[in-house]
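So that the names make sense, note that chain A is the first sequence line, chain B the second, and so on, each numbered from 1.
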Protein chains: 2
Amino acid sequence: MNISEAAMKSGVPPKTIRYYESIGLIAAAPRTGNGYRDYAVPDVETLRFIARARGLGFSVEEVGELLELYRDKDRASADVKKLAKTRIADIKRKVQELQSLQATLETLVDCCHGDERPDCPILEELASEHLAKMTDGALMRQLKLRGRG
Amino acid sequence: MNISEAAMKSGVPPKTIRYYESIGLIAAAPRTGNGYRDYAVPDVETLRFIARARGLGFSVEEVGELLELYRDKDRASADVKKLAKTRIADIKRKVQELQSLQATLETLVDCCHGDERPDCPILEELASEHLAKMTDGALMRQLKLRGRG
DNA sequence: GCTTGACCTTCCAGTGACTGGAAGCCCCAT
DNA sequence: ATGGGGCTTCCAGTCACTGGAAGGTCAAGC
């Protein structure tokens, strides 16, 4: 089948399939006489596997590991569990971070009258030294987390 | 003061300060005789403002708006409040998304025996059609959210 | 047979928000 | 004058795609 059919059946856009091939996440598809990529049912299954794992927040690199593990008959399920647990820990950290962000913003919004008067508590808070220690910590954690979620 | 001193006082790394200048988030700093960037106290304050706003999860573009609003004497605090509220909504959505991801992963991990046996519920779930509807929805939302946090 | 339009191919560039590194000045202390 | 740190610029890379241009291919309709 053509790439667009594989895309439809797997839920992975054609561009992304080509991209996955280009980075070596999936093997290069065989070509038909006209040079078109030719996919079979197992390829679509692999793509669905990838889509699900990505949907669960695994990075492309981690998906690569999962695929290896998946194909490896002697894989230890402990490895997979470990990968999933790491992900859960990442998510928990991220959620906490976001919730403290949310609390701060909500406090700010609650203090903001929100009419046309030019003095705004949010901007004042942003400009003041007050928030500094708090958000610098948050910023640092944010910076370290970045590229991870 | 030199860029590294401004960096230390503001908590924004020199590279990042130059980057902010290059994208026009901050004005180009005046130069001393030797071509070094020369910063004053208000510049550091601006950088701290930026650092705090970024720490609160505002995108660089949004920080630009906040800075404009901050400098604009006739700004309406309603505009700022709106921006903050949008951010809160974004965060809430993201948190929910992450929590449902977490729940799914935890279910999977709980079902995974985690020993050396090669059959692993996580991989089976990933490979099966079961999870499809669930994570496809998550994937789609994920895709739409991407680049937003 | 020709056109049209929808496929497919490749490659290049851009996203956001930086970060690393190279090459090359500049300044100060020893 | 030599060393070690500044500073400057620009280029490239990160992550996971996505958009678009330029061009080849295919099936349908006239």
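When side chains are defined from C-beta on, A:M1 counts as touching A:V44, because their heavy atoms get closer than 4.5 Å.
Proximity of a side-chain donor or acceptor of A:T107 to a complementary backbone N or O of A:A103 within less than 3.5 Å is detected.
Counting to the nearest Å, the P atom of C:dC18 and the CD1 atom of B:I50 are 10 Å from each other. If you take CD1 of B:I3 and P of D:dG6, they are 13 Å apart, rounded to a whole angstrom. We find that CD1 of A:I17 is positioned 12 Å from P of D:dT18, with the value rounded to whole Å. The CZ-P distance, from A:R18 to C:dC12, rounds to 16 Å in whole Å. Distance CE (B:M8) to C1' (D:dG6): 13 Å, rounded to an integer number of Å. For the pair A:I23 CD1 and D:dC17 C1', the computed distance is 9 Å after rounding to whole Å. Going from atom OH of A:Y19 over to atom C1' of D:dT18 covers 11 Å, rounded to whole Å. A straight line from CZ of B:F58 to C1' of C:dC18 spans 20 Å, rounded to a whole angstrom.
Taking the side chain of A:R37 as heavy atoms from C-beta on, and the options C:dA17, C:dT9, D:dC17, the nearest nucleotide is C:dT9. Among the nucleotides D:dG6, D:dC17, C:dC8, the one closest to the side chain of B:N2 is D:dG6. Minimum atom distance to the side chain of B:R54 is reached by C:dA17, of the listed D:dC7, C:dA17, D:dT18.
Partners of A:E5 by side chain to side chain donor-acceptor pair (under 3.5 Å), not counting sequence neighbours, listed by chain and number: A:K9. For the side-chain contact (heavy atoms from CB on, under 4.5 Å) test, residues two or more places apart in sequence or in another chain that qualify with A:N34 are A:T32, A:Y36. By the side chain to side chain donor-acceptor pair (under 3.5 Å) test, A:E65 pairs with no residue at all, sequence neighbours left out.
A:S4 has a side-chain polar atom (N or O) that falls below the 4.0 Å cut-off from OP1 or OP2 of C:dC8. In terms of phosphate contacts, A:T16 brings a side-chain nitrogen or oxygen within less than 4.0 Å of OP1 or OP2 of D:dT18.
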*Protein proximity profile, nucleotides 21-30 of chain C - base contact B, sugar-phosphate-only contact S, no contact -, cut-off 4.0 Å on heavy atoms*: B----BS---

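Exactly one residue among A:R37, A:K15, A:E21 makes a side chain to side chain contact (heavy atoms under 4.5 Å, CB included) with A:I3. That residue is A:R37.
Each ring-ring contact (aromatic ring centres under 6.0 Å, His included) pair with one or both residues in residues 48-67 of chain A, not counting sequence neighbours, appears once here: A:F49-A:Y70.
Taking 4.0 Å as the cut-off between side-chain N and carboxylate O, A:K92 and B:E106 count as a salt-bridged pair. In summary, A:K82 and A:D79 do not engage in a salt bridge, as defined by a charged side-chain N under 4.0 Å from a carboxylate O.
Over its full length, the helix from C:dG1-D:dC30 to C:dT30-D:dA1 turns its helical axis through 30°, comparing axes from the five pairs at each end and rounding to 10°.
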